[in-house]
Amino acid sequence: MSEMPRDLYIPPDALEIILESFEGPLDLLLYLIRRANINVLDIPMAPLTVQYLAYVEAMRKHNLELAAEYLLMAAMLIEIKSRMLLPRIPRVDEGEAEDPRAELVRRLVEYERMKAAAAKLEELPQAGRDFEWVTVWIADKVVKRQPEVSLHDLQVAWLSLMKQVKIHQHHKIHREELSVREHMSLILRRLQGGGHMLFEQLFDLTLGAPGLVVSFLAMLELAREAMVEITQSEALAPIYVRLPDAVTL
């Protein structure tokens, strides 16, 4: 496209100029002072005011609202320039007239310090810009979880006992009354000393198959009522039985 189309309409406020070089009137003043290599403690107000007003006038043509705070500073510079043209009246108490630039110099020095401090803070690493926070959860205490005893494990242990009882089996027929509650009490008494006992140690092989059956039923009843804990360190490992901490005899 070599020329602007004739039917192209551009609204008056379509072009907006954003001045990003300066953050305010003090920033502009500081820039003009540093560019001219002027001592901030001895500011020549006449040339500084001329340069400042030229910049504000250029900015006012594009955005009057943006230039409002700059116009306020321009009025302050003109006032200081006018006061410097007038004779200075010495103070009675101090004997020396106050410099009209004193307040402006103080504000510029403070602004320069704050700007330098802000630049140093900007150089520091910031979360979300230079790095991200990483959260790691660490448990205070690691408790080893024991595998649960399944019915199959109890079945294997029970079949092992049945094989051993055949060795001590007597071919005598007699009537014997066996109580599950009584065997429950016997198992609890044997566990009363504390600690773990092997599953096999809680069964008396001399009682024969009927006695083992009743003892096994007593063990299952104690486990169902949470009066004993049946654990093993790993799968297919020996089974241990102990009293829970809450059970007291």
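Sequence positions, counted from 1, serve as the residue numbers for this chain.
Residue Val50 is not grouped with residue Ile78 when hydrophobic side chains (ILVMFWY) are merged at heavy-atom distances under 4.5 angstrom, including chains of intermediate members. A chain of hydrophobic side-chain contacts below 4.5 Å, direct or via other Ile, Leu, Val, Met, Phe, Trp or Tyr residues, connects Val109 to Leu29. Both Leu202 and Leu205 belong to a common hydrophobic cluster when Ile, Leu, Val, Met, Phe, Trp and Tyr are linked at side-chain heavy-atom distances under 4.5 angstrom. Linking Ile, Leu, Val, Met, Phe, Trp and Tyr residues whenever their side-chain heavy atoms come within less than 4.5 Å leaves Leu186 and Phe203 in two separate clusters. If you chain together hydrophobic residues whose side chains sit under 4.5 Å apart, Leu198 and Leu191 never meet in one group.
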task: May I have the step-by-step check of side chain to side chain contact (heavy atoms under 4.5 Å, CB included) for Val180 and His183, ending in yes or no?
output: CA-CA 5 Å; Val180 175; His183 281 260; 5.9 Å; no
task: Would you sort out whether Leu188 and Gln192 count as a side chain to side chain contact (heavy atoms under 4.5 Å, CB included), showing the intermediate values?
output: CA-CA 6 Å; Leu188 292 176; Gln192 188 176 3; over 6 Å; no
- request: Determine, stepwise, if the pair Met73 / Leu26 fulfils side chain to side chain contact (heavy atoms under 4.5 Å, CB included).
  value: CA-CA 8 Å; Met73 178 59 69; Leu26 288 177; 3.9 Å; yes
query: Step by step, would you call Leu104 with Met45 a side chain to side chain contact (heavy atoms under 4.5 Å, CB included)?
result: CA-CA 11 Å; Leu104 178 62; Met45 295 305 302; 4.2 Å; yes
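For the atom pair Leu32 CG and Tyr52 OH, the distance stands at 9.0 Å (nearest 0.5 Å).
Clustering of Ile, Leu, Val, Met, Phe, Trp and Tyr by side-chain heavy atoms under 4.5 Å joins Met114 with none of the others.
Within the structure, salt bridge (charged side-chain N to carboxylate O under 4.0 Å, His left out) pairs that include any residue of residues 200-222 comprise Glu221-Arg224 (at least two apart or interchain). The stretch residues 212-235 participates, sequence neighbours left out, in these ring-ring contact (aromatic ring centres under 6.0 Å, His included) pairs: Trp158-Phe216.
Pro244 and Ala226 get closest at one heavy-atom pair: CG-O, 3.7 Å. The two atoms that bring Met227 and Leu243 nearest to each other are O-CD2, 3.6 Å, heavy atoms only. Across all non-hydrogen atoms, the minimal contact from Ser215 to Ile187 is O-CD1, 3.8 Å. When all heavy atoms of Pro238 and Gln232 are compared, the closest pair comes out as O-CB, 3.4 Å.
Legend: residues meeting side-chain hydrogen bond (donor to acceptor under 3.5 Å, both in side chains) with Arg34, ordered by chain and number and at least two apart, are Glu112. Judged as a side-chain contact (heavy atoms from CB on, under 4.5 Å), and not counting sequence neighbours, the contacts of Ser150 are His152, Asp153. In this view, Arg35 and Gln51 satisfy the side-chain hydrogen bond (donor to acceptor under 3.5 Å, both in side chains) rule, not counting sequence neighbours.
Salt bridge status for Glu103 with Arg107: absent, with no side-chain N to carboxylate O gap under 4.0 Å.
Looking only at side-chain heavy atoms (C-beta outward), Ile230 and Met219 come within less than 4.5 Å of each other. Looking at Leu217 and Val213, their side chains come closer than 4.5 Å, going by heavy atoms from C-beta outward.
With hydrogens and angles disregarded, no donor-acceptor distance shorter than 3.5 Å links the side chain of Arg242 to the backbone of Thr231.
Residue Arg113 places its CZ atom among 12 or fewer non-hydrogen atoms of other residues, nucleotides or ligands, all under 6.0 Å distant.
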